[in-house]
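Here, residue 1 is the first one in the sequence, and each next residue gets the next number.
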Amino acid sequence: MFFLSLIEHTLRLPPNLLSLPLPEAIRGELEKLFVDKVIAQLGLCISVYDIKSIKGGFIFAGDGASTYTVDFRLIMFRPFEGEILSGKVDASDANGLRLSVGFFKDISVPVHLLPNPSKFSEDGRWTWIYNDVELTIEQDDEIRFRVHKISYPPIPLEQEKDSKAFAPMVITASIDFDGLGPISWWV
């Protein structure tokens with residue numbers, strides 16, 4: 001779920017930060033650039049773990065900022081396919097469930113990955129029918145799910161005003177297996 005990723009980046013350090021110790025100033029700029037952002041194929045950046053090396057310090061003509069080449073490691077969130085995670089039900093509609101793990105909310109469980117047979121009721125809840133017993137999935141239920149797929153959709157050139165916000169990383173999940181679904185079903 002979490003891993004370290006080694007990155008090399010050419011960083012422009014504004015002159016107003018030169019009064020700070022160099023590693024501290026660079027760390028602050030790296031956090032502004034990377035933390036809470038998705039890097040395609042790497043995942044969501046959680047934090048700057050450490051700085052391995054700082055090279056350079058060149059000042060280009062006409063620019064008062066110094067430029068450094070920095071090697072550093074980031075803590076990334078990217079679960080692997082098949083991994084079991086716990087989260088909460090964020091929303092429910094006829095297309096399936098939306099889940100959240102607190103710091104990441106772009107997790108969806110489409111209808112075909114819900115337990116079979118399931119039905120969607122008029123009150124906006126999904127219900128699994130198991131041996132003539134109806135087990136309901138409620139809003140804010142703690143839920144165990146399996147990562148089915150992780151995708152990084154291309155950035156849209158234009159977006160309609162009414163459409164939902166663009167998600168740079170989307171996790172498709174499944175709860176159609178023993179032990180998955182609301183934890184209250186299994187205890």
Open item on the list: Working note: R98 + K105, criterion side chain to side chain contact (heavy atoms under 4.5 Å, CB included); need CA distance, chi angles, decisive distance, verdict.
Closed with: CA-CA 8 Å; R98 303 283 302 169; K105 295 184 178 210; over 6 Å; no
Open item on the list: Just so I know, are the side chains of R73 and V48 near enough to count as touching, which here means a heavy-atom distance under 4.5 Å?
Closed with: no
Task: Euclidean distance, S108 OG relative to L113 CG, rounded to 0.5 Å - done: 8.5 Å
- [ ] Not counting sequence neighbours, list each pair that qualifies as a ring pair (Phe, Tyr, Trp, His ring centres under 6.0 Å) and has a residue in residues 20-72.
- [x] H9-F34, F34-F72
TODO: Would you check if there is a donor-acceptor pair between the side chains of S174 and D176 at a distance under 3.5 Å?
DONE: no
TODO: With sequence neighbours left out, write down each residue that passes salt bridge (charged side-chain N to carboxylate O under 4.0 Å, His left out) with D71, or none if nothing qualifies.
DONE: K55
TODO: May I ask whether I84 and F3 are part of the same hydrophobic cluster, defined by side-chain heavy atoms of I, L, V, M, F, W, Y residues being less than 4.5 angstrom apart, directly or through others?
DONE: no
Open item on the list: Which Ile, Leu, Val, Met, Phe, Trp or Tyr residues join V187 in one cluster when any pair of side-chain heavy atoms under 4.5 Å counts as a link?
Closed with: I183
TODO: Test side chain to side chain contact (heavy atoms under 4.5 Å, CB included) on T67 and L13 and set out the steps.
DONE: CA-CA 6 Å; T67 303; L13 194 62; over 6 Å; no
- [ ] To the nearest 0.5 angstrom, please state how far the CD atom of E31 sits from the OG atom of S47.
- [x] 6.0 Å
Task: Co-members of the apolar cluster containing F166 [side chain, <4.5 Å] - done: I155
- [ ] Give a yes or no on whether the backbone of V133 and the side-chain of N131 come within a donor-acceptor separation of less than 3.5 Å.
- [x] no
Open item on the list: Nearest 0.5 angstrom please: F77 CZ to F103 CZ, how far?
Closed with: 4.5 Å
Task: Electrostatic pair K88:D140 at N-O distance under 4.0 angstrom - done: no
Task: Salt bridge flag under 4.0 Å for residues E29 and K32 - done: yes
Task: Shortest non-hydrogen contact from V35 toward I46 - done: CG1-O, 3.6 Å
Open item on the list: When you group the ILVMFWY residues by side-chain heavy-atom contacts below 4.5 Å and let the links chain together, are I75 and I150 in the same group?
Closed with: yes
Open item on the list: With clusters defined by side-chain heavy atoms of hydrophobic residues (ILVMFWY) lying less than 4.5 Å apart, directly or transitively, does L42 cluster with M169?
Closed with: no
TODO: Please check if atom NZ in K149 has more than 12 non-hydrogen atoms from other residues, nucleotides or ligands closer than 6.0 Å.
DONE: no
- [ ] Mark yes or no for whether D93, through its side chain, and G96, through its backbone, hold a donor-acceptor pair below 3.5 Å.
- [x] yes
Open item on the list: Quick check against the 3.5 Å criterion: does E24 have a side-chain atom that pairs as donor or acceptor with the backbone of P21?
Closed with: no
- [ ] Taking all heavy atoms of T172 and all of P110, pick out the closest pair and write down the distance.
- [x] CG2-CD, 3.7 Å
Open item on the list: Nearest 0.5 angstrom please: D90 CG to L97 CG, how far?
Closed with: 10.5 Å
- [ ] Could you pull out the closest heavy-atom pair between P153 and V170, with the gap in Å?
- [x] CG-CG2, 4.2 Å
Open item on the list: Whether the side chain of S92 engages the backbone of G124 through a donor-acceptor N/O pair (distance < 3.5 Å, no angle test) should be reported.
Closed with: yes
- [ ] Nearest 0.5 Å please: distance from the CG atom of L17 over to the CG atom of L22.
- [x] 10.5 Å
- [ ] Indicate yes or no for a side-chain donor-acceptor contact from R146 to the backbone of L180 under 3.5 Å, with no hydrogens or angles considered.
- [x] no
Open item on the list: With heavy-atom distances below 4.5 Å as the criterion, would you say the side chains of L135 and T127 are in contact?
Closed with: no
TODO: First locate atom CG of L85, then atom CD1 of I171, and finally report the distance between them rounded to the nearest 0.5 Å.
DONE: 7.0 Å
Open item on the list: Which heavy atom of D36 sits nearest to which heavy atom of L44, and what is that distance?
Closed with: C-CD1, 3.8 Å
TODO: Would you sort out whether H148 and E81 count as a side chain to side chain contact (heavy atoms under 4.5 Å, CB included), showing the intermediate values?
DONE: CA-CA 6 Å; H148 182 71; E81 289 183 12; over 6 Å; no
- [ ] Group every Ile, Leu, Val, Met, Phe, Trp and Tyr by side-chain heavy-atom contacts under 4.5 Å, then state whether L6 and L33 land in the same group.
- [x] no
Open item on the list: List the residues meeting side chain to side chain donor-acceptor pair (under 3.5 Å) with K119, not counting sequence neighbours, and say none if there are none.
Closed with: E134
TODO: Mind listing the closest non-hydrogen atom pair of S86 and V101 along with its distance?
DONE: O-CG1, 3.5 Å
Task: Residue pairs, two or more places apart or on separate chains, that pass ring pair (Phe, Tyr, Trp, His ring centres under 6.0 Å) and touch residues 111-138 - done: F120-W126, W128-Y130, W128-W185
Open item on the list: Quick check on R144: does its CZ atom have over 12 non-hydrogen neighbours (other residues, nucleotides or ligands) under 6.0 Å away?
Closed with: no
Open item on the list: Quick check on the hydrophobic clustering: are V111 and V89 connected, directly or via other members, by side-chain heavy-atom contacts under 4.5 Å?
Closed with: yes
Open item on the list: Is any side-chain heavy atom of I107 closer than 4.5 Å to one of F145?
Closed with: yes
Open item on the list: Applying side chain to side chain contact (heavy atoms under 4.5 Å, CB included) to R78 and Y152, what does each step give before you reach the verdict?
Closed with: CA-CA 11 Å; R78 185 188 72 214; Y152 301 90; 3.2 Å; yes
Task: Nearest non-hydrogen partners of P23 and I54, listed with the distance - done: CA-CD1, 4.3 Å
